[in-house]
Amino acid sequence: MSQHVQVDAPRWTVLKFGGSSVSSRERWDNIGRIAAERAGEGRVLVVVSALSGVTNELQAIAGGVADARERVAGLVQRHCVFCTELGLLAEEVIGERLQVLRGLLDDPRANVRSLDWQAEVLAQGELLSSTLGAAYLRSRGLDFGWCDARDWLLARMLPNQSAWARRLSVSCHERSDADWRERFDAQPAPMLLTQGFIAAHPDGGSAVLGRGGSDTSAAYFGALLDARQVEIWTDVPGMFSADPREVPQARLLSRLDYAEAQEITTTGAKVLHPRSIAPCRDARVPIVIMDTAHPELAGTRIDREGQMVPGVKAVSQRNGIVLVSMESTGMWQQVGFLADVFELFKKHGLSVDLIGSSETNVTVSLDPGCTLVDGDVIASLSEDLSQVCGLKVIAPCAAITLVGLGMRSLLHRLSDIWDTFGRERVHLISQSSNDLNLTFVVDEAQAHGMIPKLHAALIAGGAMPVEDERVFGPSWTDLQGTASMRPPRWWENERQRRNLLERAALGTPAYAYHLPTVRARARSLKAVGGVDRCFYAVKANSHTEILRALVAEGFGLECVSQAELEHVFTAVPGLPPEQVLFTPSFAPIGEYRAALQRGVTTTLDNVEILERWPETFAGHRGWLRLDLGRGEGHHDKVKTGGKRSKFGLPLDRLEAFMASARRVGFVVDGLHCHLGSGVDSPAHWRQVLLELCGIAQSLGGIRSLDIGGGLPVPYRAEDAPFDVAAWEASLVAVREQYPDFELVIEPGRYLVAESGVLLARATQVVDKQGVRRVGLDVGMNALLRPTLYDAWHDVVNLDRGHGEAAEDDATGLFDVVGPICESGDVFGRSRRLPADTAPDDVMLLADAGAYGMSMANTYNLRPLPREDVLDD
Ligand code: ADP
Ligand code: ASP
Ligand code: MG
């Protein structure tokens, strides 16, 4: 390995960027900056994952889903759109690769889904991301070469490995010889880009390193190149004492040694693939974990000098654990009982992870790494085992592990931990012989919400020595505070808090809408250059005063039903019909007639309507809603494009529609497209506009192009507000290319979501088997979004002065629920609220101005909330 290398050989730094770090132009700019900086210290190898979500799609395709072709088309589209966002010509840069991807569906191996074919399919994600990334970095003037990881990493066949693992979860050779190293160094570019996750198979073709395996690719390269260090760049600023998305109080682990880091990753911390530690440890290469969005933060360093500080460093959880409990009287007298039993596990290709035993029982957990744990294997194992002993399979379970040096000497500090677990049924406790971990196995359902409690108890009881700065850094919340970009909301001051408490005193539940916020959002959009007309999507919130405020700001109104049309004309007397759009979906034909009679611009989205009711549309003008073949947005249910969506005319019906319109005498003078809601990439609208411009030019006669709405709002503290300036720049660029069309937008949520809060009162606070719940006097009937879309709304206790943002000791974790008889009636789980939250407290659900009241109903005969409008 490295000892063959001459001393003056250049020193490499390996940088690995994960899925979320390679999925936006902004992140690629960071990659370029970071790589160029490291290049000052030697040579740089950048290892990348596939764009986020792509491997999931490829895995489904490799698994033989019925709609594989559509999914491939979706992937093609996604990569082409991303190329455009990067200012690259997709055909030129990734045309051939996309051809290969499509070709894999027609490969004869696809019929049998052979393992080598599956590996080939899975490999395409990283091949695509690295190819377009290299092209982009070069276009920014950086001297980047591209190399195929399969020329450098070779899968290693291990004894007793299943055929599956030998193709789809491989380990690689981690020692290089002088020849390998010389050839690698001979690549001319000072910076190289390659793929994570893939390697060459000794029998030919590709092999993959298992899900999350790009980290391990980087580690192999680090070892093979005897790198200065391996840097894992991801979406959190390091490895934390618990998953920071679940435990905001989790502390950054600034420094760890390989053994503790290994234990933390093996027992569940997804931030680093467990197999990535050994190659670096053996080659003595440090690993550093950093945040691509915040390169200024120091991150976690894992090396040999990691301090030997006793105490719990992390608590993590693995789900989907299968326990096999075997009963037999007097088993310890039976020589060879365990040998017989384990022989059966081996026969079924299962390896065992944890073991607990007593006089009459042996309970084991199956190694979660062995992906063959499906029902069939367990059933046949059970059948064999039942010949030898009594048997119970317990699944799904969760393994909760405390990791840290000197676990045995800490037991006296764990009394609160025993207390927490004491209330649950613990199936198995296992202490590792290296004294680094203590694992508890409980039912998965019972593990819910336990990690934050354990974490708090570990700190409170002194078992997690967070004051030791050699290991522990700031909490995630602290780091977020420095990184958070969401400005304070209108109600986050003492005057408004009092104001809202007064409103609540008049009765709850009640919505309160802050008109100055609505106006501020409206003005920010009206100021956008390149947009000619703005319409407000009334369905988000049709309160009369909001409609009036928006019309006064120069907005038109977009309606989707006759009732909405009638409402807006009543709410805003004198509203000219040309300031109203009608964009219905599958509405009764009478509603179209009513809209046309009023002179409202009406949008159609299918041929059938024209053919069935030609006389309704004859002699009228209107717009056509197109489906560009894909949907986007914050949840599947808000995607409004693609084959599975009911909205829009697919492009393959465009000709038929235009022919029918000509026959009927319906003049199409506008195109409309809205593909989904809560889309956060400005490039989305630019792409839609570009496509609409192209179509409009080929059709002729089109004046207006409506690119819909869907602008996101920062519901969570860590969400950045929508970058209106970047959005404007991207639209202006297209307008310059196509100046002849009028550009129309129709946002809803963006204008009103943040202006609204829902005020409620706590009804009961109940502790049930370790889960603390606070009930409200309002439920999913009044705010459906959490139930419908798993949507996030901050919850704040207005009476006790501090809400989720607070992080003092006075906080506790609560599930926030409503009074509706539905198990889905939950506003949020494990929410941080004042520990003394009590019945009658006034609670606020934030950012509820859009799709709150407008979706509310009287289910369970609960009355609708009152609506108050605040104007200062
Ligand atoms: P990438 O796509 O960059 O490989 P991953 O999603 O694989 O990123 O890993 C990063 C995620 O790991 C974080 O977003 C975080 O939610 C999760 N995670 C789980 N446990 C931990 C932990 N102990 N410390 C940091 N992150 C963790
Ligand atoms: N793209 C692969 C996955 O999603 C490998 C990785 O990202 O680490 O599993
Ligand atoms: Mg990962």
Side-chain angles (χ1 to χ4, degrees), residues 15-24 27 30-31 47-60 62 75 119 121-130 149 168-170 195-199 206-220 231-254 256 260-261 263-276 289-294 297 299-300 302 312-319 371 400-404 451-452 455 464 472-473 475-476 479-480 718:
L15 313 175
K16 177 261 170 177
F17 293 88
S20 60
S21 301
V22 296
S23 298
S24 75
R27 295 281 183 276
N30 282 3
I31 295 177
V47 176
V48 293
S49 290
L51 306 190
S52 56
V54 166
T55 310
N56 291 348
E57 285 296 290
L58 292 170
Q59 197 170 25
L75 287 174
V121 171
L122 286 164
Q124 301 309 313
E126 269 70 9
L127 288 166
L128 281 162
S129 63
S130 61
L168 299 177
S169 182
V170 298
Q195 314 74 43
F197 188 50
I198 67 174
S206 306
V208 296
L209 280 66
R211 294 308 308 271
S214 293
D215 299 334
T216 312
S217 301
Y220 286 134
E231 299 178 6
I232 304 290
W233 290 85
T234 182
D235 59 358
V236 285
M239 187 182 283
F240 283 73
S241 53
D243 184 344
R245 299 192 194 280
E246 204 185 339
V247 186
Q249 291 308 305
R251 300 287 292 259
L252 175 71
L253 299 167
S254 353
L256 289 170
E260 273 180 315
E263 209 68 26
I264 296 171
T265 60
T266 312
T267 56
K270 183 188 168 216
V271 65
L272 194 60
H273 196 266
R275 286 194 204 151
S276 61
I289 305 172
M290 311 265 289
D291 187 342
T292 315
H294 297 284
L297 300 175
T300 298
I302 303 166
V312 178
K313 308 298 157 31
V315 41
S316 37
Q317 177 172 342
R318 284 170 295 163
N319 286 340
T371 42
I400 293 181
T401 305
L402 316 184
V403 178
I451 295 278
H455 193 270
M464 185 181 277
F472 291 94
S475 72
W476 159 261
L479 288 165
Q480 281 302 113
E718 66 263 33

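In this text, all values refer to a predicted model and were calculated from it rather than measured experimentally. Note that ligands are numbered from 1 as they come in the structure, with each ligand's atoms numbered from 1 the same way.
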Polar pairs, ligand 2 vs protein, N/O only, below 3.5 Å.
from, atom 1, to, atom 2, distance (Å)
ligand 2, 1 (N), Thr55, OG1, 2.7
ligand 2, 1 (N), Glu126, OE2, 2.6
ligand 2, 4 (O), Thr55, OG1, 3.3
ligand 2, 4 (O), Arg211, NH2, 2.9
ligand 2, 7 (O), Ser49, OG, 2.8
ligand 2, 8 (O), Gly212, O, 3.4
ligand 2, 8 (O), Gly213, N, 3.4
ligand 2, 8 (O), Ser214, N, 3.0
ligand 2, 8 (O), Ser214, OG, 3.2
ligand 2, 9 (O), Arg211, NE, 2.6
ligand 2, 9 (O), Arg211, NH2, 3.3
ligand 2, 9 (O), Gly212, N, 2.8

The answer for which part of His273 has a heavy atom under 4.0 Å from ligand 1 is neither

d(Leu128 CG, Leu51 CG) to nearest 0.5 Å is 8.0 Å

Between Asp235 and Arg27, does any side-chain N to carboxylate O distance fall below 4.0 Å? no

In this structure, atom 24 (N) of ligand 1 is nearest to the protein heavy atom Phe240 N, 2.9 Å

among protein heavy atoms, the one nearest atom 4 (O) of ligand 1 is Lys16 NZ, 3.1 Å

Across all chains, not counting sequence neighbours, the side chain to side chain donor-acceptor pair (under 3.5 Å) partners of Thr401 are Thr439

Between Ser316 (side chain only) and Thr267 (backbone N and O only), is there a donor and an acceptor less than 3.5 Å apart?
yes

Short version for Arg245: what comes under 4.0 Å of ligand 1, heavy atoms counted, is side chain

- Query: What class does the angle between the rings of Phe17 and Trp233 fall in, given that below 30° is parallel, 30 to 60° is tilted and above 60° is perpendicular?
  - Reply: parallel

Requested in this report: Examine distances only and state if a side-chain atom of Ser129 and a backbone atom of Glu126 form a donor-acceptor pair shorter than 3.5 Å.
Outcome: yes

min-distance protein heavy atom vs atom 8 (O) of ligand 1 -> Thr234 OG1, 3.1 Å

Between the side chain of Ser217 and the main-chain N/O of Phe197, is any donor-acceptor distance below 3.5 Å? yes

Q) Checking side chain to side chain contact (heavy atoms under 4.5 Å, CB included) for the pair Lys16/Ser49: CA distance, chi angles, key distance, verdict? A) CA-CA 8 Å; Lys16 177 261 170 177; Ser49 290; 3.7 Å; yes

For atom 21 (C) of ligand 1, the closest protein heavy atom turns out to be Asp243 CA, 3.6 Å

Check: of Ser49, Gly212, Gly19, Ser214, min heavy-atom distance to atom 2 (O) of ligand 1 comes from Gly19

Practice problem: Look at the side chain of Ser206 and the backbone N and O of Ala119, then say whether any donor-acceptor pair between them is shorter than 3.5 Å. | Solution: no

re atom 6 (O) of ligand 1, the protein heavy-atom contact at minimum distance is Lys270 NZ, 2.8 Å

Heavy-atom proximity to atom 26 (N) of ligand 1 ranks first, among Leu252, Leu272, Thr267, Val271, for Val271

When rounded to the nearest 0.5 Å, the distance separating OG1 of Thr300 from CG of Leu256 is 6.5 Å

| said: Polar contacts were defined as any N/O atom of the residue lying under 3.5 Å from an N/O atom of the ligand; does this apply to Pro244 and ligand 1? | reply: no

Within the 4.0 Å heavy-atom cut-off, what Ala314 brings close to ligand 1 is neither

shortest atom 25 (C) of ligand 1-to-protein heavy-atom contact is with Gly238 O, 3.4 Å

Looking only at heavy atoms, the pair that brings Ser475 and Phe240 closest together is C-CE2, 4.3 Å

Numbered in order shown, the ligand 1 atoms found under 4.0 Å of a heavy atom of Asp235 are 10 (C), 11 (C), 13 (C), 14 (O)

Between Leu58 and Gly125 the two heavy atoms that sit nearest each other are CD1-N, 3.3 Å

